[in-house]
2 protein chains.
Amino acid sequence: MGLTKSFHFDEEQNQLASFAKAFAHPARIAILQQIIKNKTCIVGNLTDILPLSQSTISQHLKELKNIGIIKGEIEGPSICYCIHQQNWHRAKKMLTKLFSEIDRNCC
Amino acid sequence: MGLTKSFHFDEEQNQLASFAKAFAHPARIAILQQIIKNKTCIVGNLTDILPLSQSTISQHLKELKNIGIIKGEIEGPSICYCIHQQNWHRAKKMLTKLFSEIDRNCC
DNA sequence: TTCGTTTATCGTAATATTGCAATAACACAA
DNA sequence: TTGTGTTATTGCAATATTACGATAAACGAA
């Protein structure tokens, strides 16, 4: 059926899965790394750097924005995309929590 | 075309995306949480806990195993699934690195 | 060997994701 | 207003993911 049964899971599990989806594609990793690195954060150069078409990149940006991990503001003729600090921190916190829940396993 | 152009991205970006995929579904989050929590780690009870069929759960386990975030060993009539400590740590390290690469953003 | 329990795989169906070309929309400058 | 440079959206096609029922496979016990 292809439809994730998200309503069966709790808020935290769904939120964490959503955040993880932001990182679940190499192009989005590359985009995020670039946004972080590029302090000027004009996104036009992404089309020069990434091996993807402008429309595909735009789509990934849209997804990252929907997830809430980045935000965009109009800046002259282009758009300034940057990390959504609050949600970035939230994602970090939630993932760190999951990672540290383990102490020792049975095997 | 639906085919991720992974060959265009570097090893680290692909590996990170792959690890993130493990966490990109609430059911897999739930499974991982359960495995961590259940020190006995017999997986049979997952069908009682999760609102998914046995075959679907098995598929998610297979995916987690393929990604390398868990590993399974035969234990009597059932299977003992546990966190793959080394890769778990690797994923943690890689994600932590990405998260801490940010200091201040332009907006 | 046969039965019961447990996990894996197969077949199928529906939705989601990825990607690109073409086009639209927007902002600024002339 | 008209062009120019930029990002967004649309339309399409192909692959991936999610899910389940049915069935197979594996194991221990009887």
Compare all side-chain heavy atoms of A:Ile83 with those of A:Ile69 and state whether any distance is below 4.5 angstrom. no
Please work out which residues in residues 15-30 of chain A have a non-hydrogen atom less than 4.0 Å from an atom of DNA chain C and list them by number. A:Lys21, A:His25, A:Arg28
Between C:dA16 atom P and A:Glu63 atom CD, what is the distance in whole Å? 12 Å
Using atom NE2 of A:His60 as one end and atom C1' of C:dA16 as the other, report the distance to the nearest whole Å. 13 Å
Distance, rounded to the nearest Å, where A:Leu64 contributes CG and D:dT7 contributes P: 15 Å
Listed by chain and number, what are the side chain to side chain donor-acceptor pair (under 3.5 Å) partners of A:Ser55, not counting sequence neighbours? A:Ser53
Residue pairs involving residues 78-88 of chain B (criterion salt bridge (charged side-chain N to carboxylate O under 4.0 Å, His left out); sequence neighbours excluded): none
Sorted by chain and number, sequence neighbours left out, side chain to side chain donor-acceptor pair (under 3.5 Å) with A:Gln59 holds for none
Going by the rule side-chain contact (heavy atoms from CB on, under 4.5 Å), which residues pair with B:Ala20 if we only count those two or more places apart in sequence or in a different chain? A:Phe23, A:Ala24
In this structure, how many angstroms lie between the P atom of C:dA16 and the CD1 atom of A:Ile67, rounded? 15 Å
Quick one: salt bridge (charged side-chain N to carboxylate O under 4.0 Å, His left out) pairs with a partner in residues 49-65 of chain B, sequence neighbours left out? B:Arg28-B:Glu63
How long is the line joining CG of B:Leu52 and C1' of D:dT17, in whole Å? 13 Å
Residues forming a side-chain contact (heavy atoms from CB on, under 4.5 Å) with A:His8, sequence neighbours excluded: A:Lys5, B:Pro51
Write down the protein N/O and nucleotide N/O pairs, taken from nucleotides 8-11 of chain D, whose separation is under 3.5 Å; answer none if there are no such pairs.
{"unit_1": "D:dA8", "atom_1": "OP1", "unit_2": "A:Tyr81", "atom_2": "OH", "d": "2.7"}
{"unit_1": "D:dA8", "atom_1": "OP2", "unit_2": "A:Ser58", "atom_2": "OG", "d": "3.1"}
{"unit_1": "D:dA8", "atom_1": "N7", "unit_2": "A:Gln54", "atom_2": "NE2", "d": "2.9"}
{"unit_1": "D:dA8", "atom_1": "N6", "unit_2": "A:Gln54", "atom_2": "OE1", "d": "2.8"}

Write out all pairs satisfying salt bridge (charged side-chain N to carboxylate O under 4.0 Å, His left out) with one or both partners inside residues 12-26 of chain B, taking only residues at least two apart or from two chains. B:Glu12-B:Lys97
